[in-house]
Number of protein chains: 4
Amino acid sequence: MIVYLHSEFRAVALRDGRETKERISRAALTLFVQKGFAETSIRDITSAVGITEGALYRHFPGKDQLAWDLFSTNYISFATELTRVRIGKSGFSEQVAAMVEAFCRLFDQDPELFSYLLLVQHNESGKLPDTIKTPVDAVRDCVIDGMENGDIPKADPEVLTASLLGVVLQVATARIYGRIEKGLSEMKDDLTAICLRVAQA
Amino acid sequence: MIVYLHSEFRAVALRDGRETKERISRAALTLFVQKGFAETSIRDITSAVGITEGALYRHFPGKDQLAWDLFSTNYISFATELTRVRIGKSGFSEQVAAMVEAFCRLFDQDPELFSYLLLVQHNESGKLPDTIKTPVDAVRDCVIDGMENGDIPKADPEVLTASLLGVVLQVATARIYGRIEKGLSEMKDDLTAICLRVAQA
Amino acid sequence: MIVYLHSEFRAVALRDGRETKERISRAALTLFVQKGFAETSIRDITSAVGITEGALYRHFPGKDQLAWDLFSTNYISFATELTRVRIGKSGFSEQVAAMVEAFCRLFDQDPELFSYLLLVQHNESGKLPDTIKTPVDAVRDCVIDGMENGDIPKADPEVLTASLLGVVLQVATARIYGRIEKGLSEMKDDLTAICLRVAQA
Amino acid sequence: MIVYLHSEFRAVALRDGRETKERISRAALTLFVQKGFAETSIRDITSAVGITEGALYRHFPGKDQLAWDLFSTNYISFATELTRVRIGKSGFSEQVAAMVEAFCRLFDQDPELFSYLLLVQHNESGKLPDTIKTPVDAVRDCVIDGMENGDIPKADPEVLTASLLGVVLQVATARIYGRIEKGLSEMKDDLTAICLRVAQA
DNA sequence: CATGAATGAGAGTTCATTCAT
DNA sequence: TATGAATGAACTCTCATTCAT
C-alpha cells in the first residue's frame with residue numbers, strides 16, 4: 001500500500017523541519033488545485049502554513065521545484081502502485097478492475113492529489129525521462145498484455161488506453177464539479193464494467 | 001500616379017479594427033493553449049500580432065475579458081452545433097455518431113480552439129449562466145433521450161455523459177501529445193463504436 | 001458686465017467649431033472641479049462632449065493648454081471685473097461691498113468656475129506674468145488705497161488682503177460642501193460686514 | 001575585531017522597518033505638497049527615500065492608503081490638539097487665542113504637514129466618519145460655545161467658523177507663496193485680533 | 001531554521017498624443 | 001473638422017527570490 005504525501009505515524013517521529021516541509025507541500029497542493037499554479041504565490045503558500053516567505057526556501061529551492069517535486073514523486077509513486085496491483089492479477093478483466101479500484105482509492109483518499117496529478121498538472125508528465133513509468137504507461141501495459149494474451153481484440157493500443165483513462169478521469173471530473181454525488185469507490189464496479197465494454201473484454 | 005510607401009492593402013490592414021481584433025483573438029488563443037493563460041502576457045500577445053501593448057485595449061477591455069470572450073462565444077457556438085447535428089438524427093446511435101463527428105471536425109479544423117474550449121479552459125464553463133447550453137449539456141440531453149426512448153439501458157446519466165466525453169477528450173489529448181498519429185476524423189467510426197459500447201446501445 | 005466662459009446669444013451665431021470648443025471647455029471645467037485635473041482624462045472630456053479623442057486636438061494643443069486657457073482667461077477676466085466694480089466706488093467700505101458682491105455673483109452664477117479659479121487651480125496664478133492683474137492684486141489694491149486714504153488703519157497689507165480673501169473663499173468652500181445652505185449672494189451683506197470688521201473700517 | 005563594510009548604524013537603518021516607513025511617509029508628504037498627489041508617482045517617493053518601488057508595499061498597501069494614513073492620522077491628531085488647548089481656557093477670546101497659536105505652531109514647526117492637512121487634502125475630510133472630530137469641528141465647537149455663553153453675538157455658526165478658518169488658512173497660504181515674510185507664530189497676536197473682530201468678541 | 005525588508009524584473013493597464021483616413 | 005486605431009511612455013502593483021539578522 002502506498003503512502004500518499006505523508007503518513008501520520010512517521011510525522012510524529014520527525015523533527016519540525018521535516019514536518020514543516022510536508023505542511024508546505026500540502027498547502028501548495030491545495031492551493032495549486034484550487035487556484036492554479038501561476039495564480040498561487042509563495043506568500044499564499046507560506047501564509048497558509050504560518051511561516052514567512054523566506055522560510056520556504058529552506059525546504060525547497062523554488063516554486064517550480066516545489067511543484068515539480070510534488071508532481072513527480074507522487075505521479076511515479078501512483079504509477080508504481082498501479083503496476084503493483086495489476087501484476088498481482090491474471091487476466092485483463094481482473095487487472096482492469098484492480099487498476100480502476102486503485103484510481104478510485106486515490107481519488108477518495110486524496111481528491112486534491114488526484115486532481116493535481118491527473119487533471120491539473122498531467123501535462124507535466126512530458127518532462128519525466130522516458131525510462132520512468134507513468135500511470136498512462138501502466139494502463140497501456142495492461143492493454144498491450146490483454147491484446148497479446150487474446151483477452152481483448154487487437155486494435156490501436158493508444159486509442160484504447162486513452163479511452164479507458166478518459167472514462168475514469170472524466171467521471172472524476174464530474175464528481176469534482178458536483179455533477180455526480182457518489183464517491184468514486186462506490187462506483188468502481190460500474191466504472192470497471194464500462195471499461196471492459198470499451199475494451200470488448 | 002502616386003505610389004505610397006505603404007500599399008493600400010497594408011494600410012487598410014493596419015487601420016482596420018475588425019481585422020486587428022481577430023488577429024489578437026487568434027494570437028491569444030494560440031498562446032493560451034501553448035503556454036497557459038497566466039503564463040501568457042499581454043506583451044506576448046501583442047508582439048505576436050505586431051502591435052504595441054496599449055493597442056490591445058482598444059479592442060478588449062482587458063486580459064480576462066479577452067480570454068472570456070474567446071471561450072464563451074465559441075463554447076456556446078460549439079454547443080449549438082452539437083445540438084443542431086443531434087436534432088437532425090433519430091435514434092441514439094445516429095445521434096452519437098453525429099456528435100462524435102462534430103467533435104472530430106472541430107478538432108481537425110481547429111485543434112487550438114478544441115484544446116482551449118474542451119481541455120484547457122473547460123472549467124470556466126461554471127461562469128456561464130445555467131440557462132446557457134454547453135457541450136456537456138448537449139451530450140447529456142442525448143443520453144437522457146436515449147434512456148427515455150429505450151435505446152440504451154437506464155443508468156446514472158451523469159456517469160454515462162462523463163464517460164462518453166472522456167473517451168473523446170482523452171483520445172484528443174493523446175493525439176495532441178503525439179501518442180496517436182491519425183487525425184481524429186479518420187477515427188470517428190472507431191470512436192463512435194467505443195461510445196456505443198460504453199452506452200450499451 | 002463680464003461674460004463667464006460663454007454667452008448663449010453668441011453661441012447661436014457661431015459655427016459648430018466654436019461651439020464645440022466651448023462645449024469642450026465647459027466639460028473640462030466641470031470635470032476638473034469634480035475629479036481634479038490629473039484624474040480627468042482626455043477621454044473623460046471628449047466622451048462628455050460626445051466627440052472622439054482626436055477631435056479635441058483640433059481645438060486645443062493639449063490638455064495642459066486647455067486647463068491653462070480655461071484658467072488664465074477667466075482669472076484675468078474676473079480680476080478685471082473686480083477692478084471695474086471697485087473703481088466705480090469711492091471709499092473703502094463701498095469698494096469692499098462691491099467686490100464682495102462680485103465674488104458672490106460669480107459664485108452663484110457659475111460655482112464650477114468659481115471653484116476652478118479660486119479654490120482648485122489658484123496656485124496656477126504664479127505662472128501668470130507679473131504685469132497681469134489677478135483677483136488677489138485687485139483686493140490688495142483696494143486695501144492699499146484704503147490705508148493711504150485713511151479709511152482703514154495702516155498694517156501689513158498682505159495680511160489684510162489674505163484675511164479678506166480667506167473669509168470669502170472659506171465661506172464659499174463651506175457652501176460647496178453643504179455646511180452652509182444659503183446662496184452666497186444672500187449673504188453678501190453679512191460677508192461685507194465681516195470684511196469691514198477685519199479691516200477695522 | 002571585525003570591521004564590517006557597512007557600519008552597524010547604517011545596517012540597522014537599512015533593515016529597520018519602522019524607520020523606513022517613516023522616511024516613506026515624510027518623502028510622500030513633501031512630494032504630495034510640492035507636486036500634488038496624482039502628480040507624485042511611487043517612483044518619485046521611493047527614489048527620494050532610496051529604496052526600490054516594491055519595497056514601499058511592505059510598509060503601505062498602496063498609494064491611496066499611504067496618502068490616507070498620512071492625512072487621517074495627523075488630521076485627527078491636530079483636531080485633538082486644538083480641542084486640548086481650547087478646553088484649557090475659559091472665555092471665547094482666550095480660546096481663540098489658544099487655537100490660533102496652535103495653528104501657527106503647526107505651521108512653523110511643519111509647514112508641509114500644515115499644507116497637506118489644511119490646504120491640499122482637506123477635502124479628504126469627508127471620508128472620515130462623522131463621529132471623528134476634525135479641526136473644523138474644533139473651531140465650530142468654540143464658536144457655538146462663545147454664542148451660548150454670550151461672549152459673541154449670535155449668528156450662523158457655520159459662516160463664522162468658515163470666516164475664522166479662512167483668515168488663518170489664507171494668511172498661511174500667502175506665507176507659503178512668499179507674499180508674507182514673517183513666520184506665522186510672529187503674527188499670532190495680529191491673527192487673534194483679526195479673528196476676534198470677525199467674531200465681534 | 002526562521003524572519004522580513006529589500007530587490008529587480010515584469011505584470012496589466014492607462015493615457016496624452018499622433019496621424020492616416 | 002472628425003474619426004479612432006496606434007503609439008510609447010508612464011503608471012501602480014505583484015512576485016519569486018535573496019540575505020543580513
Side-chain angles (χ1 to χ4, degrees), chain A residues 15-17 20-21 38-46 50-64 66, chain B residues 4-6 8 11-12 14-21 38-46 49-64 66, chain C residues 15-17 20-21 38-46 50-64 66, chain D residues 4-6 8 11-12 14-21 38-46 49-64 66:
Chain A
R15 328 231 251 108
D16 267 34
T20 299
K21 182 166 185 173
E39 291 79 7
T40 301
S41 69
I42 295 288
R43 178 171 283 200
D44 287 337
I45 298 168
T46 54
I51 57 176
T52 54
E53 295 155 86
L56 183 141
Y57 291 86
R58 295 274 154 198
H59 302 281
F60 295 95
K63 192 187 175 191
D64 287 337
L66 166 53
Chain B
Y4 293 99
L5 209 62
H6 307 302
E8 273 189 14
V12 166
L14 276 176
R15 287 271 153 199
D16 183 348
R18 287 276 171 77
E19 222 231 66
T20 301
K21 182 165 187 174
E39 292 78 6
T40 301
S41 69
I42 296 288
R43 182 178 285 267
D44 287 338
I45 298 167
T46 53
V49 174
I51 56 176
T52 55
E53 293 164 68
L56 184 141
Y57 291 86
R58 193 158 288 275
H59 301 282
F60 295 94
K63 193 188 174 189
D64 287 339
L66 166 52
Chain C
R15 328 233 249 107
D16 266 35
T20 299
K21 181 166 186 174
E39 290 80 5
T40 301
S41 69
I42 295 287
R43 178 171 284 201
D44 286 337
I45 298 167
T46 54
I51 57 176
T52 54
E53 295 155 85
L56 184 142
Y57 291 86
R58 294 277 152 194
H59 301 282
F60 295 94
K63 192 187 174 189
D64 288 337
L66 166 52
Chain D
Y4 292 99
L5 209 62
H6 307 302
E8 273 189 12
V12 165
L14 276 176
R15 288 269 155 200
D16 184 347
R18 287 275 170 78
E19 223 231 66
T20 301
K21 183 165 185 174
E39 291 78 6
T40 300
S41 69
I42 296 289
R43 182 179 285 268
D44 287 338
I45 298 167
T46 53
V49 174
I51 56 175
T52 55
E53 294 165 65
L56 183 142
Y57 291 88
R58 193 159 289 274
H59 301 282
F60 295 94
K63 192 188 174 189
D64 287 339
L66 166 52

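When reading the values below, keep in mind they use all heavy atoms of this one structure, side chains included, and skip hydrogens, waters and symmetry mates. Note that this is a predicted model, so its numbers are computed, not measured. Letters go in sequence order (proteins before strands), and every chain restarts at 1.
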Whole angstrom value for the distance that separates C1' of E/dA2 from NZ of A/K21 = 16 Å

Answer whether the closest heavy-atom distance between the side chains of D/L56 and D/V49 falls below 4.5 Å.
-> no

Per atom distances to the C/I42 side chain, the nearest of F/dA5, F/dA2, E/dT17 is E/dT17

DNA chain F: 5'-proximal contact among C/R58 and D/R43 (nearest heavy atom) = C/R58

Name the closest nucleotide to the C/K63 side chain, picking from F/dA6, F/dG4, E/dA16.
-> E/dA16

Could you work out which one of F/dC11, F/dA5, F/dT3 sits closest to the side chain of C/I51?
-> F/dT3

Atom-to-atom span, CG of C/D44 to P of E/dT14 - whole angstrom = 12 Å

Rounded to whole angstroms, how far apart are CZ on A/F60 and P on E/dA2?
-> 12 Å

Note: for D/E39 and C/L56 on DNA chain F, the residue whose nearest nucleotide lies more 5' is C/L56

For the pair made of NE2 in C/H59 and C1' in F/dT3, what is the distance, rounded to whole Å?
-> 13 Å

Could you check how far CD1 of B/I45 sits from P of E/dA11, rounded to whole Å?
-> 11 Å

Nucleotide F/dA6, atom C1' - distance to CD of B/E19 in whole Å | 15 Å

Can you check whether D/S41 has a side-chain N or O nearer than 4.0 Å to OP1 or OP2 of F/dA10?
-> no

Pairwise 5' ranking along DNA chain E for B/T40 and D/G54, keeping only the more 5' one | D/G54

Would you mind pulling out the nucleotide paired to F/dT21, Watson-Crick or G-U wobble, both distances under 3.5 Å?
-> E/dA2

From the options E/dT3, F/dA2, F/dA6, select the nucleotide whose nearest atom is closest to the side chain of C/A55.
-> F/dA2

Nucleotide nearest A/E53 (side chain, heavy atoms from C-beta), chosen from F/dT17, F/dT14, E/dG12 = F/dT17

